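Structure first, then comments.
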Amino acid sequence: MKEAEEVLPAEREGPRRYQHPEYPEEDTIPFFPNYVILEVIVGFILLAGLIVLVFLLPAGFDGKADPFNTPQHIKPEWYFLWIYQFIKLPSLVLGPGLAAGLAGILIPAIGIVLLILLPFLDRKPERRPLKRRVAMAVTGLIVAIFVALSIWGWYS
């Protein structure tokens with residue numbers, strides 16, 4: 001009978017905590033459910049903001065589409081403007097032709113593959129942005145290029 005009444009050590013300690021090598025244990029919180037709930041809350045806040053924007057700034061309709069009459073300035077939505085402009089860049093540098101077309105498709109594809117592989121390529125234990133100056137500089141440069149290409153695509 002005494003064996004059935006004993007409490008296992010894991011039950012006495014509460015949830016298992018993630019322990020980062022740089023931070024003491026009292027500064028940590030359990031990953032589940034605390035972190036997961038926080039992510040769900042932030043997701044719902046972003047979704048609510050998106051829903052508000054959709055109702056305040058609805059997409060305009062210009063009438064029925066005519067497949068035989070293409071409007072002069074067809075542009076993608078703002079979140080695709082950077083790639084829309086980037087696809088036009090190789091033909092400005094290389095001139096028209098197959099090489100420019102392939103470069104406009106392959107360079108963004110290589111970038112996407114590098115983004116997928118980035119967690120496996122960057123294995124540094126440091127997580128604070130101020131201690132990772134090179135990574136933050138590269139990120140800032142990429143964001144600046146995206147913004148510049150988007151503005152250029154908007155006015156082109």
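What's counted below: heavy atoms across the whole structure, side chains too, no hydrogens, waters or symmetry copies. One-based numbering along the sequence shown. Bear in mind that the values here come from a model prediction, so they are computed numbers and not experimental data.
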hydrophobic_cluster_shared for L141 and I110, side chain cutoff 4.5 Å
no

In one Ile/Leu/Val/Met/Phe/Trp/Tyr side-chain cluster, 4.5 Å: L102, L92
no

Rounded to the nearest 0.5 angstrom, the CD1-CG distance for I112 and L117 is 12.0 Å

How close do G95 and A100 get, heavy atom to heavy atom, and via which atoms?
O-CB, 3.3 Å

Minimum heavy-atom separation for A103 and L94, please, with both atom names.
CB-CD1, 4.4 Å

If hydrophobic residues (ILVMFWY) are linked whenever their side-chain heavy atoms come closer than 4.5 Å, directly or via other members, who joins M136 in its cluster?
none

Determine yes or no for a side-chain-to-main-chain donor-acceptor pair under 3.5 angstrom, with Q85 supplying the side chain and I87 the backbone.
no

Could you tell me whether the side chain of W152 reaches within less than 4.5 Å of the side chain of L89, counting heavy atoms only?
yes

Would a hydrophobic clustering, with Ile, Leu, Val, Met, Phe, Trp and Tyr connected at side-chain separations under 4.5 Å, put L106 with I83?
no

Connected-component partners of I105 among ILVMFWY, side-chain separation under 4.5 Å
none

By side-chain contact (heavy atoms from CB on, under 4.5 Å), I41 pairs with (sequence neighbours left out) I37, I45

Does any non-hydrogen side-chain atom of I107 lie less than 4.5 Å from one of F86?
yes

Donor-acceptor pair between S156 and K75 side chains, under 3.5 angstrom:
no

Kindly indicate whether the side chain of W78, heavy atoms from C-beta on, has any atom under 4.5 Å from the side chain of S150.
no

Hphob cluster co-occupancy, I116 + I142, side-chain heavy atoms under 4.5 angstrom:
no

Quick one: are L46 and V42 in side-chain contact, heavy atoms under 4.5 Å?
yes

